[in-house]
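Residue numbers begin at 1 in each chain, while the letters A, B, ... track the order of the sequences.
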There are 2 protein chains.
Amino acid sequence: MPGKPPASSSTRSVERALALLAAVCTGGTGPLVELARLVGLPVSTTLRLLRTLEQDQFVTRAEVGGYRPGPRMMQLGAQALSHEHLVPLSRPALNELVEATGESAYLSVTGPGATALYLAMAQGTHSVRHAGWVGRAFPLAGSAAGSVLLGRTPDKGWTSIASGIEPDVTAVAAPVTGPGGVAAALSIVGPTYRLDESAIGRFGPLLTHLAAGLGAQLGGDQLVHCSEKPERTEAMPTTDPAHPAEPRTMPREQR
Amino acid sequence: MPGKPPASSSTRSVERALALLAAVCTGGTGPLVELARLVGLPVSTTLRLLRTLEQDQFVTRAEVGGYRPGPRMMQLGAQALSHEHLVPLSRPALNELVEATGESAYLSVTGPGATALYLAMAQGTHSVRHAGWVGRAFPLAGSAAGSVLLGRTPDKGWTSIASGIEPDVTAVAAPVTGPGGVAAALSIVGPTYRLDESAIGRFGPLLTHLAAGLGAQLGGDQLVHCSEKPERTEAMPTTDPAHPAEPRTMPREQR
DNA sequence: AGAAAGTTTTCACTTGATGGAAACACCTTG
DNA sequence: CAAGGTGTTTCCATCAAGTGAAAACTTTCT
């Protein structure tokens with residue numbers, strides 16, 4: 001996480017607009033006055049800023065329900081995520097974790113502020129399972145994934161936290177180590193009554209193994225030389241727009 | 001697409017910042033002067049605006065490579081996409097299309113301006129296949145998906161365009177009709193030498209059938225009453241943060 | 001070492017952003 | 001139906017926030 005830029009070299013109106021954008025995208029959808037209250041701005045200022053966001057389609061406004069995220073946000077968000085090529089790479093590991101453990105599996109990276117962020121997930125197979133979602137932020141402190149993202153992984157290669165941030169939930173996590181250090185965390189999360197010491201002891205090494213496999217694909221493990229990038233899966237963004245895949249003998253046109 | 005807000009009720013500095021954000025997210029990653037040239041702003045202005053974006057982690061700046069999308073963009077983008085619950089719903093249909101046709105399959109919605117946007121996709125199984133990606137925008141005009149999104153679906157329920165926007169590529173599309181009309185387009189795209197009249201004639205009705213199934217799940221077909229929402233798949237955003245899924249007997253805490 | 005290119009800072013200037021208040025529109029209740 | 005409450009939009013005097021040219025600084029390349 002690079003140092004913060006100096007606070008004085010900022011632009012207030014942009015800050016305010018970004019705060020509004022964040023509010024709309026994180027569930028604060030609704031009428032104008034509600035958003036103004038949420039963000040703490042005068043209504044006329046809020047309207048003007050939301051108008052600007054709407055003009056460029058970062059938000060849209062419906063007669064019923066008010067403001068919500070616009071197509072531009074989806075486009076740019078998807079393209080930003082596509083820069084994180086870890087997402088498709090993690091798909092097989094996430095699926096395997098669910099198959100082996102039955103619990104919900106997550107790929108997390110460091111998020112805004114002191115948070116971590118789910119970038120990809122696979123739902124557990126049990127009726128009673130942990131329900132997170134892609135894009136969700138959670139505290140680095142006190143979470144298993146947060147711990148490994150902060151570089152606090154014990155020598156055994158994985159860590160677990162029982163009833164940490166929330167009661168009755170246990171998480172097991174292992175770091176995905178890239179060339180620059182810990183790039184992401186691979187974790188499973190489930191109810192504590194299922195993820196007891198015995199289960200944790202079994203799943204921990206599996207997590208470490210799969211995380212290491214992911215890290216190896218990032219070029220993180222110099223002892224294992226990857227001769228070629230693996231084939232992209234069909235999950236989330238398949239091609240990095242900044243570095244499109246080979247045209248595969250045909251022009252890159254779409255319908 | 002609602003009417004544009006009045007141009008005079010906008011905020012220039014916000015517009016500029018959003019243009020920079022879009023430039024960074026759509027591949028315009030690089031050093032400061034390059035972004036300034038790209039967007040057509042003075043360097044010092046560009047620096048200040050990018051500093052603001054960086055402060056709130058919409059972009060990050062590396063010593064090598066310059067600016068790129070930040071974690072905030074990924075979080076909000078993912079959450080904005082999660083509002084589009086069509087994405088997970090479309091997963092089975094996309095997979096079935098690939099299985100039946102071997103071609104790349106896409107779910108598209110209306111995007112910014114006169115564009116459409118890939119919201120989800122499944123890659124074709126052939127070595128020579130169409131290569132699009134989630135988040136990619138393409139013109140409504142001249143594309144099969146664009147046609148059906150614009151409401152121009154023939155009575156047969158599907159449409160196709162051969163060598164339209166690009167040579168040697170053919171697309172077949174059918175509309176996903178929701179309560180408010182055409183909500184999305186389901187399409188397959190592949191090389192014209194494979195998608196000839198015969199193949200198109202076979203795949204068109206399949207597309208219409210699957211698109212109708214999707215539309216029915218949106219409550220679009222009032223003749224088919226859905227008694228319950230289908231189970232969410234494990235693809236992209238599984239839970240709408242604004243309307244989280246039932247806690248499934250456990251607190252919604254994450255690691 | 002010098003030139004070129006990228007980055008950051010400075011500050012006089014002005015205009016763009018602001019927000020309170022009024023006007024307008026819609027909904028609910030007695 | 002009228003009054004009250006709430007949400008939305010417009011207006012405009014004000015000033016401070018945003019600007020951008022230029023200088024200073026740093027890094028890279030030949």
Query raised in the report: So, A:S10 and A:E15: side-chain donor and acceptor under 3.5 Å apart, yes or no?
Result: yes
Query raised in the report: For residues B:S13 and A:S13, is any side-chain donor paired with an opposing acceptor at under 3.5 Å?
Result: yes
Query raised in the report: Looking only at atom types and distance, does a side-chain atom of A:T11 sit under 3.5 Å from a main-chain N or O of A:V14, one as donor and one as acceptor?
Result: no
Between [atom2] on [N] and [atom1] on [X], what's the gap in Å once rounded to a whole number?
{"X": "A:E54", "N": "D:dT8", "atom1": "CD", "atom2": "C1'", "result": "13 Å"}
{"X": "B:L41", "N": "C:dT8", "atom1": "CG", "atom2": "C1'", "result": "17 Å"}
{"X": "A:L35", "N": "D:dT9", "atom1": "CG", "atom2": "P", "result": "13 Å"}
{"X": "B:L50", "N": "C:dG6", "atom1": "CG", "atom2": "C1'", "result": "14 Å"}
{"X": "B:E15", "N": "D:dT19", "atom1": "CD", "atom2": "C1'", "result": "15 Å"}

**Report entry** Closest heavy-atom pair and its distance - B:A184, B:L107
**Finding:** CB-CD1, 3.8 Å
**Report entry** Contact summary for B:V176 and B:G215, nearest pair of heavy atoms
**Finding:** CG1-N, 3.7 Å
Let's see if you can work this out: which of [options] has an atom nearest to the side-chain heavy atoms of [X]?
{"X": "A:L32", "options": "D:dT9, D:dT19, C:dA17", "answer": "D:dT9"}
{"X": "A:R61", "options": "D:dG7, C:dA17, D:dT9", "answer": "D:dT9"}
{"X": "A:R12", "options": "C:dG6, C:dT18, D:dT8", "answer": "C:dT18"}

Report task. Let me know, please, whether A:P31 or B:L49 comes out on the 5' side of the other along DNA chain D by nearest nucleotide. Result -> A:P31
Query raised in the report: Quick one: on DNA chain D, does A:V33 or A:T11 contact a more 5' nucleotide (nearest heavy atom)?
Result: A:V33
Report task. Compute the bend angle of the helix from C:dA1-D:dT30 to C:dG30-D:dC1 from the end axes (five pairs per end), rounded to 10°. Result -> 40°
Please determine whether a side-chain nitrogen or oxygen atom of [X] lies at a distance below 4.0 Å from atom OP1 or OP2 of [N].
{"X": "A:R16", "N": "C:dT18", "value": "yes"}
{"X": "A:T45", "N": "C:dG19", "value": "yes"}
{"X": "A:R51", "N": "D:dT10", "value": "yes"}
{"X": "A:R48", "N": "C:dT18", "value": "yes"}

Query - Presence of donor-acceptor pair under 3.5 Å, side chain of A:S44 and base of C:dG20 - result: yes
Query raised in the report: Which value, rounded to the nearest 0.5 Å, describes the distance between A:T110 atom OG1 and B:Q57 atom CD?
Result: 10.0 Å
Query raised in the report: What's the spacing between B:C25 SG and A:M73 CE if we round to 0.5 Å?
Result: 7.5 Å
Requested in this report: Answer with base, sugar-phosphate or nothing: what part of the nucleic acid does A:L47 contact at a heavy-atom distance below 4.0 Å?
Outcome: base
